[in-house]
Each structure stands twice: as structure tokens, then as C-alpha cells.
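What follows is a short report on a single structure.
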Amino acid sequence: MSAPEQTVISPAILYWGTPVVLISSENEDGTTNIAPMSSAWWLGRSCMLGLGAESKTTQNILRTKECVLNLPSDTMADYVNKLADTTGSDPVSESKASRNYKFVKDKWARAGLHPQPSSFVRPLRIAECPVQMECQMIQVNGLRNDLPDRSGFLLAIEVRVLRTYVLPSLRVEGYANRVDPDKWRPLIMSFQHFYGLRDGKVTSSVLGRVDEEQYRAFTKSDVKKLPGDDDDRIAAVELAA
């Protein structure tokens with residue numbers, strides 16, 4: 001039996017499935033901003049964060065060089081949803097306003113979350129999250145520098161994990177520094193929807209209401225054409241045929 005042949009598509013976003021992170025950072029007045037994101041990956045003690053340059057979280061990290069990465073479990077989607085369409089920036093940017101974001105100053109009250117003091121950084125940890133990592137910024141790289149009209153919209157921020165906290169129940173029994181993957185159940189975002197390490201959605205997602213096509217402007221240039229730029233239209237024509 002021959003395998004089915006793949007077809008060409010051009011998704012506006014490529015969120016194949018990564019853990020949700022609640023980033024806590026410190027505002028100019030010492031209050032806390034909390035923002036959900038899922039463009040993060042780790043290697044050793046380093047973590048790369050993919051963030052929009054206009055976001056309050058990005059501005060805070062660039063200014064203070066610090067943040068806390070709080071990982072919610074797959075039972076915490078409701079907390080994330082309460083923050084999903086909020087921003088700590090006032091006024092709200094045109095881009096976020098078009099996706100129905102609204103300014104919220106007190107993210108703790110909005111989500112029903114509670115702070116814990118950190119050891120090495122000023123931003124506070126989120127008590128409800130079973131995993132927390134205090135981080136220091138190392139370097140920043142702009143993305144899409146190949147597109148003159150999209151350069152600088154998105155940033156890849158490298159942070160160093162200074163200290164990691166986990167609930168004792170997540171440790172491998174008999175080991176001080178090992179996480180038991182049979183016990184850790186991260187909340188996963190895949191194409192704007194929530195999943196866990198089990199079949200089916202965890203719950204509905206606030207971000208899932210946003211049309212994915214609204215993100216295409218961040219990835220396709222108006223002044224420079226690249227191979228594959230027309231794949232979205234090609235796929236649509238083939239589907240309609």
C-alpha cells in the first residue's frame with residue numbers, strides 16, 4: 001500500500017504544539033505584568049522566547065533584563081484564557097486592538113492568580129504554576145531581517161534560567177533533580193487551541209476565536225517576494241478545484 005502524498009498549504013501561523021508559558025515581568029512602576037505565550041524552547045539552561053516587539057512583556061524584559069517563566073499544567077487553561085486577550089500596554093496597539101485585546105493593569109486580579117517572591121530576580125513567580133523559572137536576559141535577535149518592511153516586528157530573546165522551582169510531586173522518586181514526565185502534564189498550545197498530553201482539547205481557547213489569517217501580515221512582506229509566498233493562494237485554488 002502506497003503512503004498518501006502530502007499537499008502544499010501555507011498556514012498563517014506555524015504553532016505545531018509547544019508548552020504555554022505565563023511570563024511575569026516588572027512594569028516601570030514596580031507592578032507585575034503577566035502574559036501568556038507559547039513560542040518558547042529550551043536547550044540546557046538557555047531558553048529562546050519568541051515575542052512581538054510591541055508587547056509590554058518584551059519592553060519590560062529589554063528594560064530590566066529579567067523575567068520569570070511560569071509553566072501552567074493542563075488544568076490551568078481557564079487562568080490562561082482570562083489573560084489571553086489582555087495587554088499591559090496603554091494605549092492598546094492597533095495590531096492588538098484589531099484582535100480585540102484590552103488593557104488590563106492588574107493581571108493578578110484579572111486571572112485570579114497569586115504572587116510568590118523570587119530569589120534572584122525582581123519579577124514575581126505565579127504560585128498556581130507547578131513549574132517556575134527565574135531568568136536573566138542574555139541577548140536579543142530581530143527576526144525577518146530579510147524583509148525590510150517586517151524586520152523588527154518579532155524578536156527572539158535568549159534568557160538564562162537561574163533557578164527552577166517545581167512542585168515536590170513532580171520529582172522522580174528518589175532523585176533530587178529529575179522531573180517525572182509521567183507526572184508533569186503541561187498545557188500545550190497547538191494552532192491557538194489548548195491540548196495536553198492526552199487525546200482531545202483541554203478546553204476552548206480565547207485565542208482560538210481569532211482568525212489565523214490576521215497573523216499572516218507578520219510573515220509576508222509587501223515589498224519583497226520570497227519563494228513560497230504564493231502558497232496560500234495556490235492551496236486555496238487547489239482546494240476549490
Side-chain angles (χ1 to χ4, degrees), residues 12-13 15 18 20-40 47-72 76-115 118 121-126 129 133-137 139-145 147 149-159 189 192 205-219:
I13 55 176
Y15 291 171
T18 47
V20 173
V21 183
L22 292 176
I23 302 182
S24 49
S25 61
E26 187 175 76
N27 296 320
E28 292 87 345
D29 60 2
T31 59
T32 300
N33 187 61
I34 305 172
M37 58 88 76
S38 61
S39 296
C47 179
M48 294 299 297
L49 306 172
L51 293 165
E54 69 177 10
S55 81
K56 187 64 176 177
T57 294
T58 302
Q59 295 167 11
N60 285 347
I61 294 175
L62 295 181
R63 189 186 73 258
T64 67
K65 309 295 191 292
E66 296 179 339
C67 66
V68 178
L69 308 180
N70 306 272
L71 304 188
M76 295 182 62
D78 287 346
Y79 292 103
V80 179
N81 268 333
K82 290 175 182 176
L83 296 171
D85 57 356
T86 69
T87 175
S89 296
D90 184 23
V92 180
S93 69
E94 183 178 341
S95 170
K96 289 194 172 183
S98 70
R99 287 174 274 146
N100 298 315
Y101 277 65
K102 46 194 167 292
F103 168 70
V104 173
K105 179 65 174 177
D106 189 346
K107 300 287 190 74
W108 298 109
R110 168 79 176 193
L113 296 169
H114 299 88
S118 297
V121 299
R122 288 180 57 86
L124 299 171
R125 296 179 288 139
I126 298 175
C129 290
M133 287 164 279
E134 298 181 16
C135 298
Q136 179 184 60
M137 191 189 83
Q139 63 178 329
V140 182
N141 294 288
L143 300 180
R144 303 318 305 267
N145 291 326
L147 303 178
D149 58 335
R150 294 297 184 267
S151 177
F153 282 10
L154 301 173
L155 302 177
I157 301 177
E158 179 187 351
V159 298
M189 174 154 280
Q192 298 192 111
S205 164
V206 168
L207 286 185
R209 303 170 190 165
V210 178
D211 183 354
E212 289 183 12
E213 290 299 319
Q214 291 199 38
Y215 297 99
R216 191 173 296 280
F218 293 106
T219 59

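A quick note: this is a predicted structure, and the numbers were derived from the prediction, not measured.
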At what distance, to the nearest 0.5 angstrom, does [atom1] of [X] lie from [atom2] of [Y]?
X    : Y    : atom1 : atom2 : result
K82  : R110 : NZ    : CZ    : 9.0 Å
I126 : I34  : CD1   : CD1   : 4.5 Å
I23  : L69  : CD1   : CG    : 5.5 Å
R150 : L143 : CZ    : CG    : 14.0 Å
Q136 : E158 : CD    : CD    : 11.0 Å

Is the backbone of [Y] close enough, under 3.5 Å, to the side chain of [X] for a donor and an acceptor to pair up by distance?
X   : Y    : result
K96 : Y101 : no
N70 : C129 : no
S25 : C67  : no

side-chain contact (heavy atoms from CB on, under 4.5 Å) against [X], all qualifying residues, sequence neighbours excluded:
X    : result
L124 : T32, W108, P115
S98  : Q214
D29  : N27, T31, K105
A40  : V21, M37, W42, C47, L49

For residues [X] and [Y], report the shortest heavy-atom separation together with the two atoms involved.
X    : Y    : value
I13  : Q192 : CD1-CG, 3.7 Å
G52  : L154 : CA-CD2, 4.1 Å
S118 : P123 : OG-O, 2.6 Å
G88  : K107 : N-NZ, 3.8 Å
P36  : A84  : CG-CA, 4.0 Å
S39  : T18  : N-OG1, 4.5 Å

(request) Check whether any side-chain heavy atom of I157 sits under 4.5 Å from a side-chain heavy atom of V140, and report yes or no. (result)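 Contact flag for I157/V140 side chains = yes.
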
With sequence neighbours excluded, what pairs up with [X] under the side-chain hydrogen bond (donor to acceptor under 3.5 Å, both in side chains) test?
X    : answer
D85  : K102
D149 : S221
R122 : E26
D90  : none

(request) Provide the full list of side chain to side chain donor-acceptor pair (under 3.5 Å) pairs with a residue in residues 50-59, sequence neighbours left out, each pair given once. (result) E28-K56, N33-T57, E54-S93, S55-T58

